[in-house]
Amino acid sequence: MIQKKVLSSSDESSEDEHVEDLMDKQKLVQAKANKPTRTSVSAEVYGQFNKKGQFQAKKVNKSEDAVKRIKQRMSQAFMFSALDEHELAIVIDAMEEKKFKAGDFVIKQGDDGDVLYVVDQGQLDCFKVFKKGEPEKHLKVYQPGESFGELALLYNVPRAATIKAKTDAICFSLDRETFNHIVKDAAAKKREKYEEFLSKVELLKDMDPYERLQIADALKVQKFNQNDYIIRQGEQGNTFYFIQKGDCIATKTENGTEKEVYSYKVGDYFGELALIKHEPRAANIVAKSEVIVVYLDSDSFRRLIGPVDEILKRNMGRYEKYVKK
Ligand code: CMP
Ligand code: CMP
């Protein structure tokens, strides 16, 4: 559950409450889903999805080129990162190409929603009215490889924002049925698993809760044993890490001697310098206990960590000030 924050801006607190509200609704939906459901003997039923009742996989005819583009975009869209190959194939079959002209509304806040979109080409604006009667706020511009429209499907609620094509655009849409049977559980579970951890990460504490949820979608996890090197000084770096469990130190090797230059605890981050400066890793990161890290690749880092870029840059000064305890 996302913690309620004490914020001065009423906009931000209503945003927090909105996500919190969505989470409550999600729990309700899940409780309902746990009730015994009708099973079917007919149709094309996929093993583990049996328990959810009949699922007729949808096949939308499309060109080989469209299938290729869908595969490429899905590998970039975080929402699908937890799917295996078989599940991905079902989703690709069900996706439909939709074209929009600049200025077209793709989603209107408050409407019922029954599809999710992945952007293939063009840009789309996202607007939201946070409080009735107030003007809408421009939240972001969606780019190719990003997805939107998942909230209405995840939590069975009206559309939470408006999406309007900024340029001519092509999106791939995925229907509610396929989303519910193939994507929803994995995506909702991942958001639930990481939202509490991320809400306590100091670097992200003032970030919009919705943006934090998207970080949850994109995270990957890795375990290390005591004394393992998570990062090696001088190597190329494409990943940015948060420590979910355990302790680490940073060391630097100069003139053949390795010296501790920083220490970390749960919730801290490292690996930002190589990604921001486009330089080799500036230090080693060594596990001091069994460690679990969650990490973002450089593409996700650029797309999702943007809002805290200034804090990262400001924090760079901390390395010079570090004194070993
Ligand atoms: P949905 O509510 O189905 O439709 C509108 C979409 O806008 C929503 O899903 C999200 O994918 C997207 N969106 C982007 N930013 C936000 C935000 N801050 N709050 C809610 N929805 C957002
Ligand atoms: P990066 O250079 O990508 O990989 C090694 C990381 O160690 C670096 O990012 C910082 O996050 C971290 N670090 C800790 N202490 C230092 C230090 N004194 N100098 C440089 N990097 C440090």
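Since this is a predicted model, take the numbers as computed values, not measurements. For the single chain, residues carry numbers from 1 onward in sequence order. As the structure lists them, so they are numbered: ligands from 1, and atoms in each ligand from 1.
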Does [X], backbone or side chain, put an N or O under 3.5 Å from an N or O of ligand 1?
{"X": "Ala161", "result": "no"}
{"X": "Ile107", "result": "no"}
{"X": "Cys126", "result": "no"}
{"X": "Lys128", "result": "no"}
{"X": "Lys140", "result": "no"}
{"X": "Ser147", "result": "no"}

Does atom CG (Asp112) have a neighbourhood of more than 12 heavy atoms from anything else shown, all under 6.0 Å? no
Quick check: are there more than 12 heavy atoms from other residues, nucleotides or ligands sitting under 6.0 Å from NZ of Lys62? yes
[X]: numbered ligand 1 atoms lying under 4.0 Å from its heavy atoms:
{"X": "Ala152", "answer": "1 (P), 2 (O), 3 (O)"}
{"X": "Ile163", "answer": "7 (O)"}
{"X": "Glu150", "answer": "3 (O), 9 (O), 10 (C), 11 (O)"}
{"X": "Phe148", "answer": "11 (O)"}
{"X": "Arg159", "answer": "1 (P), 2 (O), 3 (O), 4 (O)"}

Residue of the set Arg212, Lys190, Lys193, Arg191 for which salt bridge (charged side-chain N to carboxylate O under 4.0 Å, His left out) holds with Asp217: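 Of all the options given, the one that passes is Arg191.
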Heavy-atom contact check, 4.0 Å cutoff: does Tyr142 meet ligand 1?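 Per 4.0 Å heavy-atom rule, Tyr142 contacts ligand 1.
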Counting N and O atoms only, with roles assigned by atom type, does the side chain of [X] sit under 3.5 Å from a partner on the main chain of [Y], one being a donor and the other an acceptor?
{"X": "Asp175", "Y": "Thr178", "result": "yes"}
{"X": "Gln226", "Y": "Lys288", "result": "yes"}
{"X": "Thr162", "Y": "Gln109", "result": "yes"}
{"X": "Gln214", "Y": "Glu211", "result": "no"}

Taking the basic N atoms (NZ, or NE/NH1/NH2) and the acidic carboxylate oxygens, is any pair closer than 4.0 Å for Lys189 and Glu192?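 No, this pair does not count.
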Salt bridge or not between Lys200 and Glu196? Use side-chain N to carboxylate O under 4.0 Å. yes
What does the list of residues with a heavy atom under 4.0 Å from ligand 2 look like, ordered by chain and number? Ile231, Ala250, Lys252, Val261, Tyr262, Tyr264, Phe270, Gly271, Glu272, Leu273, Ala274, Arg281, Ala282, Ala283, Ile285, Tyr319
Any idea which part of Leu139 is under 4.0 Å from ligand 1, heavy-atom wise: side chain, backbone, both or neither? side chain
Under a 4.5 Å side-chain heavy-atom rule over Ile, Leu, Val, Met, Phe, Trp and Tyr, are Leu304 and Leu203 clustered together?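 Yes.
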Cluster overlap Tyr229 with Val291, hydrophobic side-chain contacts below 4.5 Å: no
Of Glu97, Met74, Lys98, the residue whose pairing with Phe172 passes side chain to side chain contact (heavy atoms under 4.5 Å, CB included):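 That would be Glu97.
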